[in-house]
Student: 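Below: one structure in structure tokens.
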Number of protein chains: 2
Amino acid sequence: MSQKVFVSAQEVADRAGVSRSAVSRAFTPGASVSPETRRKVLEVADALGYHVNHLARGLMRNESGIVCLIVSDLASPHRSGLIKVLTQELQHSGKIAMLVNTDLSDGSVDLALRQAIRYRADASIILSGMPDKSITQLCLKSGQRLILINRDDEQDGPFRINLDDEEAAGRILTAFLRAGCRKLAFANSQAGTPSLMARESGFVAAARAQGLDVVVERYGWTSYESGRVLAQRLLTRSQRPDAVFCATDLLACGFMDAARHQFSISVPQQLCVAGFDDIEHASWASYQLTTFAQPLTTIAREAVSWLESGPVANPEGRASAIRLHADLVWRGTIRGG
Amino acid sequence: MSQKVFVSAQEVADRAGVSRSAVSRAFTPGASVSPETRRKVLEVADALGYHVNHLARGLMRNESGIVCLIVSDLASPHRSGLIKVLTQELQHSGKIAMLVNTDLSDGSVDLALRQAIRYRADASIILSGMPDKSITQLCLKSGQRLILINRDDEQDGPFRINLDDEEAAGRILTAFLRAGCRKLAFANSQAGTPSLMARESGFVAAARAQGLDVVVERYGWTSYESGRVLAQRLLTRSQRPDAVFCATDLLACGFMDAARHQFSISVPQQLCVAGFDDIEHASWASYQLTTFAQPLTTIAREAVSWLESGPVANPEGRASAIRLHADLVWRGTIRGG
DNA sequence: GCGGCATTTGCACGCGCTTGCAAGGTTTGC
DNA sequence: GCAAACCTTGCAAGCGCGTGCAAATGCCGC
């Protein structure tokens, strides 16, 4: 293929009149090398355009510096926002992100993890889907660290970061009730993701505790289009809801557009709407959606700081998880406030 | 750090009763190995959870399989859409994407390219910013391939993929004129990206050719918020424009929201608007924006197929670039059609 | 001037893998 | 039946680097 000819440490050593080990040490923080030698080496290296080969370094150090991000539906606002802060935080701590898109086939989360193993990634962060238990075990046994974000898994071993979806659902119910709503609905996708289901069941349970029923409708993917379809279904019922909690902002946007433009329902006068994620459009003038903000930065920081925290205390991958709080962002789609 | 203990080829060899070379060959397509040996090896490998170490393989083969994506503003709809198709196509051709976020400091495109060199990436694809010429030369000299997307650079060596922005600008002018608009405006960000500037100058030039003037306004980043500010500036002029070409859909969304909700101007009756990119929201009911579609899939395919096309014909990095056509997506923000 | 110590340097080995080379085994043609 | 051709296989070298170890250097106090 391409004749790649990178400058090697040997060339730098020769030009600087030192041994190859000296070059190696010059690029290793804290190594035993005199300041003057280091300076000389760095100078020559810069002039020659030398860069440490991280493939080889990873081989020796048994630590590649690579962290694998496993994600599907990568173009959705929430996902891309999360990826953005994750890459930022990772780079900040000297690591580099490898991105695996799992949109294609089905068992591809497993395939993605295998890819991570091949490149000897220090860790994998899973944002979508759910790996098979066997492959999870393989990763852990190999010493790879695993982080699940909003996956709410029962498996022990991986580090899990979740939001308190049920609690949020309870809060939004209170807001609906205070606005005088009684005919409640929940609009969900059919994805069946744990966090989506937690929002749903949390909302239903909270309503039931108040003696109220919730009409639950699920359809398709977590997308704008699904939101429209859900509106179609929920707003044509004989008992039209006066408050809808959408599992996601994207659904909420589609829902609102259908409600306004198709059914000429005014929000929030005739219908209260809430979403989840606080994607960018939620704040746009056309939506002004009341929703829950995902603490993206906190999630990323927690993930990275767990990675930095050294070896797992308990060798037999002990359970470890945190649950974060989602702030309610109050805008204009719920009356009162 | 973490005691990573991956299964090695030696262990597989021992268990399968073959030499280490046999294992290596079993995992190399087209290598000289009997079908039976290969089967045996793969079986044992699977049982043991062996995975070829791509760091070591990359070291030997002088080809890591890594392609570095260098990008800023990663959460914007257009960027994330591009990243999505790029990762897809790369994975399809057996490569893996490394993601470098350049949001932080300024010279960080250069830093990103250095990172790509360290990991001996087979190629780098630059979606944002502009690398220094010296570092570009270093990459090329090292045998790294370079792709610039929508960067419209003059440098020879890198492969450049661009859109025909000027031609698109001409087409949108025709559409405006046909709708009876004569008071033209162009809303741009201050980013000064070549493609944004090409849209602007193309539009201005086309208008001038028709004897018409264009009011050009530039402000801030390429964002929704900037669109609102631009609307503020353009719609309060004594001579209010009746047609605005926004350099980007995001700007157009902000512009339209401000026009409607703040100035109570109806689109397209009183004001025609066009954007560029065809991001997802452009098709949403609240916007129905007439815009140009970036041929994302084609861009990604062209990029990857250029990577696969083997060594550069001309050793001294010859110029090589393509210019793609942006389709006009006709929706509801221009009268007539 | 010299022994003791701390610092710096070079040597050589190994990380896990690929691959040229030659040896061994099997098939084919005559 | 034997040589030539082919397919497989193992050996060993080497990819670029980090690092333990021992040798070399420099410094200090006496």
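Numbers restart at 1 for each chain; the letters A, B, ... are given by sequence-line order, proteins then strands.
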Student: Using side-chain contact (heavy atoms from CB on, under 4.5 Å) as the criterion, point out the one residue from Leu148(A), Ile149(A), Asn150(A) that pairs with Leu127(A).
Tutor: Ile149(A)
Student: So which nucleotide from dG10(D), dT9(D), dG16(D) ends up closest to the side chain of Asn53(A)?
Tutor: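 Selected nucleotide (nearest to the side chain): dG16(D).
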Student: Is there, by distance only and without an angle test, a donor paired with an acceptor across the side chain of Arg25(A) and the base of dG10(C) below 3.5 Å?
Tutor: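 Check passes, donor-acceptor contact within cut-off.
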Student: The side chain of Arg61(A) lies closest to which of these nucleotides: dT8(C), dG18(D), dC17(D)?
Tutor: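 Selected nucleotide (nearest to the side chain): dG18(D).
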Student: With sugar-phosphate meaning primed atoms plus P, OP1 and OP2, does Ser8(B) contact a base, only sugar-phosphate, or nothing at under 4.0 Å between heavy atoms?
Tutor: sugar-phosphate
Student: Of the candidate nucleotides dG16(C), dC17(D), dT8(D), which contains the atom at the shortest distance from the side chain of Val52(A)?
Tutor: dC17(D)
Student: Should the side chain of Ser34(B) and the base of dC7(D) be counted as holding a donor-acceptor pair, with the cut-off at 3.5 Å?
Tutor: no
Student: Taking only side-chain N and O atoms of Thr37(B), does any of them lie within less than 4.0 angstrom of OP1 or OP2 on dT9(D)?
Tutor: yes
Student: Looking at dT8(C), dC17(C), dC15(D), which one has an atom nearest to any side-chain atom of Ser32(A)?
Tutor: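 Side chain of Ser32(A) sits closest to dT8(C).
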Student: If you measure from the Lys or Arg side-chain nitrogens to the Asp or Glu carboxylate oxygens, is any gap between Arg145(B) and Asp122(B) under 4.0 Å?
Tutor: no
Student: Output the distance between atom CG (Leu59(B)) and atom CG (Leu59(A)), rounded to the nearest 0.5 Å.
Tutor: 6.5 Å
Student: Select from Ala56(A) and Ser19(B) the residue whose nearest nucleotide in DNA chain D is closer to the 5' end of that strand.
Tutor: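 Closer to the 5' end of DNA chain D: Ser19(B).
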Student: Among the nucleotides dT8(C), dT18(C), dT8(D), which one has an atom lying closest to any side-chain atom of Thr28(B)?
Tutor: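 Out of dT8(C), dT18(C), dT8(D), the nucleotide with an atom closest to Thr28(B)'s side chain is dT18(C).
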Student: Looking at dT8(D), dC17(C), dC17(D), which one has an atom nearest to any side-chain atom of Met60(B)?
Tutor: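 Of the candidates, dC17(C) comes closest.
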Student: Under 4.0 Å, heavy atoms only, any strand: does Ser24(B) hit a base, just the sugar-phosphate, or nothing?
Tutor: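 If one applies the 4.0 Å heavy-atom cut-off, Ser24(B) turns out to touch a base.
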Student: Are Tyr50(B) and Val44(B) close enough that some pair of their side-chain heavy atoms sits under 4.5 Å apart?
Tutor: no
Student: Below 4.0 angstrom from OP1 or OP2 of dC17(C), is there any side-chain N or O of Arg57(B)?
Tutor: no
Student: Do the side chain of Arg20(A) and the base of dG18(D) come within less than 3.5 angstrom through a donor-acceptor pair of N or O atoms?
Tutor: yes
Student: Using a cut-off of 4.0 Å on non-hydrogen atoms, how would the nucleic acid contact of Tyr50(B) be classed: base, sugar-phosphate, or nothing?
Tutor: sugar-phosphate
Student: Among dC11(D), dC17(C), dC15(C), which nucleotide has an atom closest to any side-chain atom of Ser21(B)?
Tutor: dC11(D)
Student: Could you go through Arg120(A) and Ser142(A), starting from their C-alpha distance and side-chain angles, then the distance that decides it, and tell me whether this counts as side-chain contact (heavy atoms from CB on, under 4.5 Å)?
Tutor: CA-CA 9 Å; Arg120(A) 298 302 189 257; Ser142(A) 305; over 6 Å; no
